[in-house]
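Bear in mind that the values here come from a model prediction, so they are computed numbers and not experimental data.
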2 protein chains.
Amino acid sequence: MSPFTDHPRAAVSALGEEKLIAAIRRWLGPVSPRAPFGIGDDCAVLPARRGSQLLTVDPVIYGRHFDDRVPPRAVGAKLLKRNLSDIAAMGGHPVSAVRAITLDARVSRRWLEQFYRGLAAEARRHRVAIVGGDVAECAGTVAACLTLLGTAAGPRFLTRTGARRGDWIYVTGELGGSRGTGHHFRFTPRLAEGAWLARRPEVRAMMDVSDGLAKDLGALTPAGSTPRLDAAALPVRRGSDVRGALTDGEDYELLFAVAGRADRNALQRAWRRRFPRTRLTCLGRFEAGRADDRDAGLTLAGYHGYEHFR
Amino acid sequence: MSPFTDHPRAAVSALGEEKLIAAIRRWLGPVSPRAPFGIGDDCAVLPARRGSQLLTVDPVIYGRHFDDRVPPRAVGAKLLKRNLSDIAAMGGHPVSAVRAITLDARVSRRWLEQFYRGLAAEARRHRVAIVGGDVAECAGTVAACLTLLGTAAGPRFLTRTGARRGDWIYVTGELGGSRGTGHHFRFTPRLAEGAWLARRPEVRAMMDVSDGLAKDLGALTPAGSTPRLDAAALPVRRGSDVRGALTDGEDYELLFAVAGRADRNALQRAWRRRFPRTRLTCLGRFEAGRADDRDAGLTLAGYHGYEHFR
């Protein structure tokens, strides 16, 4: 469904900003608490919380993260899910969000209502409060950015730093073909998996795969090491191939490092008990040397993940 | 200065995303701490803080909040200042921020560097840490949205709710002509003033004037009351007029209600001692009745503030 309408009366411009904001609050429903704890004041007031917090921001932009083939409800859900995936990648728990949206005046009210209802449904599912936002007009644009606050789900966060030479490299789910298959908006953020992994002491570092394994794995690789991957082990999504699994991006899967001396069988058994329907794959391990040691295994040097401005 | 360049080698697209992100970190400098407390991981980790927090989000969009006449440094500063003004309006203190930026590939590196240096200088001034963000490509767009977290500067926040019939209406600074005079990017957010006012028990409610007094005052007005304003008292900016002062918007001044029985002379004396260079004006008071009681004074019914999608 296209966000745009040719009928002036069906467009957001027919509402005007004040009525539009009232409609948005109605569409969001109970996930948006009353001011000062939600929309309606200069800032939202967040109740006091113990411990450190997580903060992340990600947009969805028409023509970039969605097009006319993506249902507007799924676009709204994706806006939150992209950020939930970042919270998952730290082993965190989402709490509250604000969003800023930029719309062409010709965007249809029906599209926007579905967008917000999709966002609200996803927020309800994860008990995230939408506490504020901004709506602005901008010709030719349908874009929204969401900032998500979270806390630790357990006793620690997992960052991208901490993997060591000899550590095993694991990934959840399947990789590649995200845009062609619709995975890029149908995915489920790995929040339960991320929280569970952060409680396993043998897991040393974690991130989500959003720009493609070939690009993202570099951020997890310890200095002086190179990832040695087994091409045959790659969990390639049906309809994709090795190149797609390495470079397509928008996988929103968890990539993590497990201590080289850990009992991998115990980890994998525990995983299957807890997440029987989610694939877990050991891709290889971090070895000594540089990326140009092409002695064996899959070399990533020839693959590039998704990069803006290329 | 236009954000766009016709020379491909001077454009952000010549850098590619990875080098662009490295450049942004360099331009931001020490206001951007290292991961996991800043840019470079899936989320930023914010150290634990006592008490409740403030959260606000506001964008700057090319053609809407700035144009070629606004220096790029001032655009970067304005992105933060718009949000600082919201924190000021609650009597808060800013702490950390994330920003998402959307750029046409033809945006010039020089423009973008100045934009980020302006943002960094403003962040340094207020000791705000820029802890994360996102950069995405989108044709025809130069837009950034910033989410700002804050805490209380004193023992309480001031919200828009709390004014009563009989309360006096005050505003800081001058109103009107913001776009024509450049005030919309040269303004100083009223953080010190907001924090000071939140400590004065006679101040009952507060907000910032961003869409024009005629529109914004409604949010402060208690139910069953109407603001009775003295047109002659309006602090009209030089080059503007009563209509401009009521409707132009982008004033970024503080509007607040003072208890009807308060010692206004004491308040005004204390203000002049603390803020000798900042004008403080009593505009009138909230009286019984509805907005259509046009018996005397300035009636706002004929004026509308800034509204998107009109």
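In plain terms, the two heavy atoms of A:Asp41 and B:Arg160 that are nearest each other are OD2-N, 2.8 Å.
Among pairs with a residue in residues 43-62 of chain A, those fulfilling ring pair (Phe, Tyr, Trp, His ring centres under 6.0 Å) read A:Phe4-A:Tyr62, A:Tyr62-A:Phe66, at least two apart in sequence or across chains.
Looking at A:Met90, only its side chain comes within 4.5 Å of chain B, counting heavy atoms on both sides. For chain B, the nearby part of A:Ile61 is the side chain; its heavy atoms alone come within less than 4.5 Å. A:Val131 touches chain B through its side chain: at least one heavy atom from C-beta onward sits under 4.5 Å away, while N, CA, C and O do not. Using a 4.5 Å cut-off between heavy atoms, B:Thr141 contacts chain A through its side chain alone, with no backbone atom that close. In this structure, chain B has no heavy atom under 4.5 Å from any part of A:Leu148. Of the two parts of A:Thr102, only the side chain, counted from C-beta on, holds a non-hydrogen atom closer than 4.5 Å to a non-hydrogen atom of chain B. A:Arg49 touches chain B through its backbone: at least one of N, CA, C or O sits under 4.5 Å from a heavy atom, while the side chain does not.
Identified by a heavy-atom distance below 4.5 Å to chain A, the contributing residues of residues 150-158 of chain B are B:Phe157, in residue-number order.
The main-chain N or O of A:Cys138 is never found under 3.5 Å from a side-chain atom of B:Arg64 such that the two would form a donor-acceptor pair. Judged by distance alone, with hydrogens and angles left aside, the side-chain atoms of A:Thr56 form a donor-acceptor pair with the main-chain N or O of B:Asp42 at under 3.5 Å.
Heavy-atom pairs under 4.5 Å with chain B were tallied for A:Pro47, A:Gly40, A:Ala48, A:Gly132; the largest tally goes to A:Ala48.
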